[in-house]
Amino acid sequence: MKKKLLALLMATVMILSLAACGGSNSGDSGDSGNSGDSGSTSGDSGSSGSGDSGEVIRFKMAFVDPESSPYAQGGLKVAEEVKAATNGRIEIEVLTGGSLGGERDMVELTMDNSLDIATCANSVMTNFIPEMSILDQAYLWKNADEAHAAVDGPVGALIQEKANALGLHVIGYMESGFRNTFSTKPIEKMSDFSGVTIRTMENQYHQAAFEAFGAMPIAMSANDVFTALQQGTIDAAENATANCYNNGFYEVTKHITNTQHAFVYILLCMSEDAWSKIPADLQQPFLDAVQRGVDFERDLLVQANEEAAEKLVAEGVTFHEIDIAELQAAYQAKAAEKGFTFDPAWQAAVDEAIASVA
């Protein structure tokens, strides 16, 4: 309760600052979910207008990541597409950087109608929709097409049903994509993971995967990863390839193994209050425009990873392939040992998505 009240107080302070300065500050962030940015309160200082009288409806969408990130660039594209599709009747201000805590804080602000649109990883939303933990499994998807088919189809429908009860509308799914392993020593086969201390997200499924590979997963703040690698406190970490470059990890880790072990989504969560301000005739054009922005971000992320890989090689980083089938089998055995189970309806939706791509 104290955390929630503090977040709301900080939001109010940020709003007053925005009103006085006419803008917002942006800053660097670490791993997704470690820092946050301010949105707006509803009413006079937040979303404005119903659109019925032709006045402009203004929303604020917040990211934990800097403006240069593919996610924030996707948010700017969403804003551009929405403005064009609604003939300027809906405008979205994109706030980047971190000032209000993490993604969970932003989701809570949105649930309280104190922020118009929050962005967060699917693992964060699992705190509010436990059934979503099915998406945290290692090697759930063979490719991005399967991952997209799930949230753009049957799994997305189940998420929206649960989100409604929270006062949220999930209007789109950007992504951080597949994650790889970067390490101080080469990892070319599963046995090379033996004894390796690796930083992972605080996620039981991701950690179980690396336990299955023979590594020793530990959770730590993303802000501490560089120093921990540099000092030898940990031997490896995992993230998207682009993040390995953007965060400068190549300075202390010269090896990246294409483990492709987990896929991470970035949800766009809109408050009930903000959604209610969109006139009925603009709701579908709004959603279609958001999806175009989402598609842009997905393509941009692929490009960012490819460009990062080229830059990393130029910095002396070596990429290694590994037997994915062996890693997947090891994880599945560990998952069975730990008794991981999921809601049957959600499992059926995942199976349907996979079948639709086959």
Side-chain angles (χ1 to χ4, degrees), residues 32-33 71 74 103-104 107 110-111 117-179 201 203-209 260-270 272 275 283-284 286-288 290-295 297-298 301-302 324-325 327-329 331-336 338-358:
S32 186
Y71 326 116
E103 292 174 314
R104 179 168 181 166
V107 172
T110 305
M111 288 164 56
I117 307 171
T119 61
C120 71
N122 55 282
S123 55
V124 173
M125 277 305 294
T126 299
N127 290 295
F128 307 99
I129 305 176
E131 293 88 348
M132 280 183 63
S133 65
I134 194 170
L135 299 178
D136 287 327
Q137 296 178 89
Y139 298 111
L140 180 62
W141 315 118
K142 291 191 295 291
N143 51 56
D145 288 341
E146 290 183 352
H148 296 161
V151 294
D152 294 340
V155 176
L158 290 173
I159 292 173
Q160 186 55 62
E161 182 180 345
K162 294 292 184 180
N164 288 340
L166 300 172
L168 296 174
H169 290 264
V170 182
I171 58 175
Y173 295 86
M174 293 185 187
E175 63 194 46
S176 179
F178 286 105
R179 296 168 79 92
M201 296 175 68
N203 181 299
Q204 64 173 325
Y205 305 102
H206 293 191
Q207 292 179 335
Q260 299 280 284
H261 54 275
F263 190 95
V264 176
Y265 301 96
I266 306 296
L267 283 70
L268 310 185
C269 302
M270 191 172 203
E272 179 64 34
W275 175 258
Q283 288 179 0
Q284 195 57 53
F286 174 83
L287 291 174
D288 291 343
V290 170
Q291 186 60 45
R292 288 193 290 274
V294 165
D295 291 339
E297 187 276 339
R298 292 174 179 177
L301 182 68
V302 172
I324 297 296
L327 299 181
Q328 183 178 29
Y331 169 72
Q332 290 174 343
K334 178 64 70 172
K338 289 181 175 289
F340 293 155
T341 58
F342 305 96
D343 184 284
W346 288 68
Q347 184 63 61
V350 165
D351 294 341
E352 179 183 344
I354 292 173
S356 72
V357 176

To the nearest 0.5 Å, what is the distance between [atom1] on [X] and [atom2] on [Y]?
| X | Y | atom1 | atom2 | value |
| --- | --- | --- | --- | --- |
| Leu268 | His169 | CG | NE2 | 14.0 Å |
| Cys269 | Ile159 | SG | CD1 | 9.0 Å |
| Ile324 | Tyr331 | CD1 | OH | 14.5 Å |
| Leu158 | Trp346 | CG | CH2 | 5.0 Å |

Under 3.5 Å, side chain of [X] to main-chain N/O of [Y], donor-acceptor pair present?
| X | Y | value |
| --- | --- | --- |
| Gln332 | Ala329 | no |
| Glu352 | Pro154 | no |
| Glu146 | Lys142 | yes |

Hey, are the side chains of [X] and [Y] touching, using non-hydrogen atoms and a 4.5 Å cut-off?
| X | Y | value |
| --- | --- | --- |
| Leu287 | Ile171 | yes |
| Val294 | Asp152 | no |
| Met111 | Leu168 | yes |
| Leu267 | Met132 | yes |
| Cys120 | Arg104 | no |
| Val107 | Asn127 | no |
| His261 | Arg179 | yes |
| Phe128 | Lys162 | no |

In terms of side-chain heavy atoms, does [X] have a donor or acceptor partner in [Y] at a distance below 3.5 Å?
| X | Y | value |
| --- | --- | --- |
| Tyr71 | Thr119 | no |
| Glu175 | His148 | yes |
| Asp295 | Gln291 | yes |
| Asp343 | Gln347 | no |

Open item on the list: Under 6.0 Å from the ring centre and within 45 degrees of the ring axis: does the NZ or CZ of Arg298 meet both conditions for the six-membered ring of Tyr173?
Closed with: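 The answer is no, since Arg298 fails at least one limit relative to Tyr173.
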TODO: Check each of Phe263, Tyr139, Tyr265, Trp141 against Phe178 using the ring pair (Phe, Tyr, Trp, His ring centres under 6.0 Å) test, and report the only one that passes.
DONE: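 Exactly one pass, corresponding to Phe263.
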Task: Minimum heavy-atom distance Ala208-Phe340, with the two atoms named - done: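 Shortest heavy-atom separation between Ala208 and Phe340 comes out as CB-CE1, 3.9 Å.
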